[in-house]
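Below: one structure, written as structure tokens.
Counting starts at 1 for both ligands and their atoms, in listed order.
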Amino acid sequence: MDDADQERQKQSVGRYAARYVEDGMRVGLGTGSTVRWTILALAERGLHLMCVATSVETQKLALENGLEVLTPGEVGSLDIAIDGADEVDPAFNLIKGGGGALAREKIVASMTDHFVVVVDESKSCPHLGAFPLPVEVLEFGADIVATRLRDLGADDVIRRPVVSDNGNPILDAGFGRIDDPAALTSELEAIPGIVEHGIFPGSMVRRVVAARGDDVVELSRSQET
Ligand code: 5RP
């Protein structure tokens with residue numbers, strides 16, 4: 001798939017997912033080049049929505065297009081949240097955070113029982129891990145966390161040159177194939193200094209809207225990973 005095909009797929013799935021949003025809803029807006037199309041489609045429909053943005057970039061896009069943006073505390077919970085992903089496995093476990101917004105994205109996803117993921121065809125995979133796992137850390141512990149990630153099996157841990165919207169460093173940890181995302185999640189959550197990591201459990205995800213060639217399909221979840 002070339003870049004133009006991929007961009008077409010992002011546009012199709014992003015726009016498709018706007019259909020789940022109705023007037024008056026409280027909506028979580030994800031970050032990235034796929035959900036960008038959802039945000040534009042929502043703005044075009046002229047709905048009155050109360051939105052929570054997962055990044056400064058998304059907040060700017062939403063405001064520029066006439067959407068109202070509130071804080072998580074102001075809305076309390078969300079009717080729906082829509083976001084992209086870097087990898088999706090058959091059980092709907094995700095790796096997210098390629099755009100560095102993982103911490104806010106996970107908070108927003110946790111505020112709803114209708115979390116919709118929009119992905120082009122390249123994001124579906126039998127096992128997570130080919131995409132390096134983003135891990136947001138406190139500056140004070142960044143080197144120690146990097147060592148712990150290597151102890152857990154990451155053969156490459158690279159610090160991004162820019163910090164997150166929260167002002168924290170992000171490490172990209174190359175674990176390779178992750179056979180048990182839940183087990184790795186528990187291990188990561190036991191490391192002091194990690195603010196958030198990019199494994200989102202399948203239990204958070206209600207729907208995955210994916211491109212397949214020129215079509216858009218809603219994937220069925222399989223418990224096998
Ligand atoms: C940002 C994310 C994005 O959702 C993820 O990187 C996918 O982005 P794109 O839709 O541009 O491929 O997690 O932190």
Side-chain angles (χ1 to χ4, degrees), residues 1-18 27-42 51-62 78 80-89 92-112 115-125 128-137 158-174 178 181 185 188 194-202 204-212 216 219:
M1 181 167 57
D2 65 22
D3 288 353
D5 287 339
Q6 188 177 27
E7 184 54 27
R8 258 193 301 280
Q9 290 195 344
K10 286 175 187 236
Q11 179 167 180
S12 308
V13 292
R15 286 190 170 280
Y16 182 100
V27 184
L29 303 177
T31 293
S33 54
T34 313
V35 76
R36 175 176 178 277
W37 291 107
T38 312
I39 296 167
L40 294 177
L42 292 176
C51 302
V52 175
T54 53
S55 63
V56 172
E57 171 195 313
T58 289
Q59 171 157 344
K60 184 166 177 283
L61 179 69
L78 295 167
I80 188 168
I82 305 174
D83 204 346
D86 300 298
E87 287 187 339
V88 185
D89 80 7
F92 291 179
N93 297 302
L94 313 175
I95 285 185
K96 285 187 48 52
L102 62 151
R104 296 188 191 192
E105 288 174 337
K106 201 177 278 186
I107 292 168
V108 167
S110 77
M111 291 169 63
T112 183
F115 180 41
V116 178
V117 175
V118 285
V119 285
D120 67 73
E121 199 162 359
S122 70
K123 308 295 182 61
S124 297
C125 55
L128 300 183
F131 191 90
L133 180 68
V135 181
E136 182 164 340
V137 300
I158 296 171
R159 181 182 168 134
R160 292 194 194 173
V162 292
V163 296
S164 74
D165 285 350
N166 312 308
N168 296 314
I170 295 178
L171 308 176
D172 287 311
I178 298 171
T185 294
L188 293 169
I194 291 184
V195 174
E196 197 48 83
H197 60 83
I199 298 178
F200 286 47
M204 281 188 115
V205 179
R206 167 98 72 96
R207 300 173 198 272
V208 176
V209 177
R212 291 289 180 268
V216 174
L219 299 183

Who are the residue neighbours of ligand 1 when the rule is a heavy atom under 4.0 Å from any of its atoms?
K10, T31, G32, S33, T34, D83, G84, A85, D86, K96, G97, G98, G99, G100, A101, E105, K123
Only one of Q9, R8, E7 clears side-chain contact (heavy atoms from CB on, under 4.5 Å) with M1; which?
Q9
State which residue, out of V162, L102, I158, fulfils the side-chain contact (heavy atoms from CB on, under 4.5 Å) condition with I170.
L102
Contacts of type side-chain contact (heavy atoms from CB on, under 4.5 Å), residue V205, not counting sequence neighbours:
F92, L94, F115, V117, V208
R160 backbone acceptor or donor facing D172 side chain under 3.5 Å
no
Take atom CG in D3; do more than 12 heavy atoms of anything else shown fall under 6.0 Å from it?
no
For residues E196 and R104, determine if any side-chain heavy atom of one lies less than 4.5 Å from a side-chain heavy atom of the other.
no
